[in-house]
Amino acid sequence: MNKTVLITGATRGIGKAIKQNLEKELDYTLLIPTRTELDLASMASIDAYFSEYNKIDIVINNAGINLIQSIDRIDIESLQIMQQINLYAPLKIIQHCVPYMKTKNYGRIVNLSSIWGLRSKEERTLYSMSKFGINGITKSLARELGQYNILINAICPGYVNTEMTQQNISVEEQEKIRTTIPLARFAEPNEIANLVKFLISAENSYMTGQTIVIDGGFLA
Ligand SMILES: NC(=O)c1ccc[n+]([C@@H]2O[C@H](COP(=O)([O-])OP(=O)(O)OC[C@H]3O[C@@H](n4cnc5c(N)ncnc54)[C@H](OP(=O)(O)O)[C@@H]3O)[C@@H](O)[C@H]2O)c1
């Protein structure tokens, strides 16, 4: 049966690869709002979007930001916007979608987390707060919603070739990091999208509550 899939942050990077990957499938109707239609920085924007779209079978919480700040530079505005976009907005989206999923006794939720949600790195305090948080949401809701056949998982990528990576890490640092990855390269967005495709497919009927690492062996 055709399923409606919401993907946030599909203009570029991993979200765009997810969109392109799922477009090839016949079984999905994709909702891919722009930031103007669904601005995760605003709870009012989220509420307005779901007053129109309220029959969603599958949610892919992909959009995210990464502000890299040392402890002496962290300010309240950065703290608030990071947690709003990476943590509160995905939770709010899930809250809007779960009532319909319960009526269907079916739902699939995938949260884009990070390896920095399992371990961390200097100056990643704000990012790690949000990604450890989304992993906690994933685990708690997997326990709460399993009885409704709503499966929820978090994907924890390592380094992926996207604008976020290019903007945050200098070319020299990227070269150094590659030498610490067993596969000696960053992931391409499509490699993350393939995992999303599996998690929401009929092939996955039993995996829920997991934080799945896809990092070329970086954390091994
Ligand atoms: N790249 C990596 O190495 C990496 C590694 C681990 C995890 N991740 C996670 O994977 C996800 C995608 O990362 P990416 O590298 O593909 O990021 P990206 O290239 O920077 O793209 C981010 C996406 O999020 C959207 N977005 C940002 N703020 C938004 C807002 N207020 N409202 C709605 N949409 C907003 C952007 O839309 P606009 O075009 O409107 O700005 C864009 O589509 C993120 O959650 C990130 O934390 C990435």
Side-chain angles (χ1 to χ4, degrees), residues 6-21 30-50 53 59-68 77-78 80-94 109-121 124-135 137-138 153-171 173-174 177-178 180-181 183 185-196 199 211-219:
L6 171 70
I7 310 169
T8 64
T11 57
R12 56 191 149 90
I14 296 169
K16 187 176 180 186
I18 296 168
K19 172 178 100 95
Q20 288 172 337
N21 207 326
L30 302 186
L31 296 178
I32 37 178
T34 62
R35 191 195 290 233
T36 318
E37 294 163 310
L38 176 58
D39 181 1
L40 302 188
S42 155
M43 287 302 196
S45 168
I46 298 173
D47 288 342
Y49 183 81
F50 286 98
Y53 299 99
V59 174
I60 301 165
N61 277 316
N62 164 76
I65 58 170
N66 185 1
L67 304 176
I68 297 175
E77 289 76 21
S78 305
Q80 280 170 343
I81 195 69
M82 283 285 298
Q83 305 318 308
Q84 171 60 35
I85 292 174
N86 289 9
L87 192 58
Y88 307 152
L91 179 62
K92 187 78 176 163
I93 288 173
I94 293 168
I109 300 165
V110 178
N111 295 320
L112 260 292
S113 180
S114 167
I115 50 168
W116 309 130
L118 296 168
R119 57 155 282 191
S120 200
K121 183 176 176 172
R124 288 340 188 253
T125 302
L126 298 181
Y127 191 66
S128 275
M129 278 174 73
S130 69
K131 296 303 188 181
F132 272 75
I134 200 79
N135 288 349
I137 289 172
T138 302
N153 289 288
I155 295 180
C156 302
Y159 293 90
V160 187
N161 266 327
T162 70
E163 276 181 40
M164 184 184 275
T165 302
Q166 298 308 331
Q167 278 165 10
N168 283 334
I169 310 172
S170 69
V171 175
E173 202 191 334
Q174 288 184 34
I177 293 166
R178 281 194 188 91
T180 66
I181 301 172
L183 294 187
R185 64 177 179 83
F186 291 177
E188 291 306 322
N190 191 48
E191 295 177 289
I192 313 302
N194 283 336
L195 180 54
V196 173
L199 286 174
T211 49
I212 305 156
V213 174
I214 173 164
D215 68 348
F218 181 75
L219 290 190

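Numbering of ligands and ligand atoms starts at 1, following listing order. Model, not experiment: these values are computed from the prediction.
For ligand 1 and D39, the ligand atoms under 4.0 Å from any heavy atom of the residue are 30 (C), 31 (N), 32 (N). Taking a cut-off of under 4.0 Å to the non-hydrogen atoms of A41, the atoms of ligand 1 that pass are 31 (N). Atoms of ligand 1 lying under 4.0 Å from any heavy atom of G9, numbered from 1 in the order shown and given with element: 23 (C), 24 (O), 25 (C), 43 (O).
Looking from atom 6 (C) of ligand 1 to the surrounding protein, the closest heavy atom is P157 O, 3.5 Å. What sits closest to atom 46 (C) of ligand 1 on the protein, heavy atoms only, is Y127 OH, 3.5 Å. At the top of the distance list for atom 43 (O) of ligand 1, counting protein heavy atoms only, stands T11 OG1, 2.6 Å. In terms of protein heavy-atom proximity, atom 32 (N) of ligand 1 is closest to L40 N, 3.0 Å. With hydrogens left out, the protein atom closest to atom 36 (C) of ligand 1 is R12 NH2, 3.7 Å, a heavy atom. At the shortest separation from atom 2 (C) of ligand 1 among protein heavy atoms lies T165 OG1, 3.5 Å.
Using a 4.5 Å cut-off on side-chain heavy atoms (C-beta onward), I18 and V110 make no contact. Using a 4.5 Å heavy-atom threshold, the side chains of N111 and I94 count as touching. Looking at heavy atoms from C-beta onward, I155 lies out of side-chain contact with I14 at the 4.5 angstrom threshold. Contact of the I68 side chain with the R124 side chain is registered, since non-hydrogen atoms from C-beta on lie closer than 4.5 Å. Counting heavy atoms from C-beta on, the side chains of T138 and S113 never come closer than 4.5 Å. Under the 4.5 Å side-chain criterion, counting only non-hydrogen atoms from C-beta, D215 is not in contact with C156.
Counting heavy atoms closer than 4.0 Å to ligand 1, residue W116 contributes nothing at all. With a heavy-atom cut-off of 4.0 Å, T162 touches ligand 1 through its side chain alone.
Among A187, A63, P189, A89, the residue whose heavy atom sits closest to atom 24 (O) of ligand 1 is A63. Here atom 33 (C) of ligand 1 lies nearest to L38 when heavy atoms of L38, I18, I65, T8 are compared. Scanning P90, G13, S113, S114 for the heavy atom closest to atom 9 (C) of ligand 1 points to S113. Comparing I14, N62, T34 by heavy-atom distance to atom 11 (C) of ligand 1, the nearest is N62. If you check each of R35, K131, Q84 against atom 27 (C) of ligand 1, the one with the closest non-hydrogen atom is R35.
In terms of modelled atom types and a separation under 3.5 Å, the side chain of D39 and the main chain of S45 share no donor-acceptor contact. The backbone N or O of I7 sits nowhere less than 3.5 Å from a side-chain atom of N62 that would complete a donor-acceptor pair.
For the pair Y159 and ligand 1, the shortest N or O to N or O distance does not fall below 3.5 Å. Note: an N/O pair closer than 3.5 Å links V160 and ligand 1 by distance alone.
Ring orientation note: the planes of F186 and Y159 are close to parallel, at an angle under 30° on the 30°/60° scale.
Within the structure, every pair that satisfies the side-chain hydrogen bond (donor to acceptor under 3.5 Å, both in side chains) test and touches residues 84-93, not counting sequence neighbours, is listed here: N86-S130.
In summary, of the residues considered (I46, L40, I137, N61), a side-chain contact (heavy atoms from CB on, under 4.5 Å) with P90 occurs for N61 alone. Of the candidates I109, I60, T8, T8 is the only one forming a side-chain contact (heavy atoms from CB on, under 4.5 Å) with I93.
For the pair F186 and ligand 1, no heavy-atom separation below 4.0 Å is found. Taking 4.0 Å as the cut-off, G158 counts as a neighbour of ligand 1 on heavy-atom distance.
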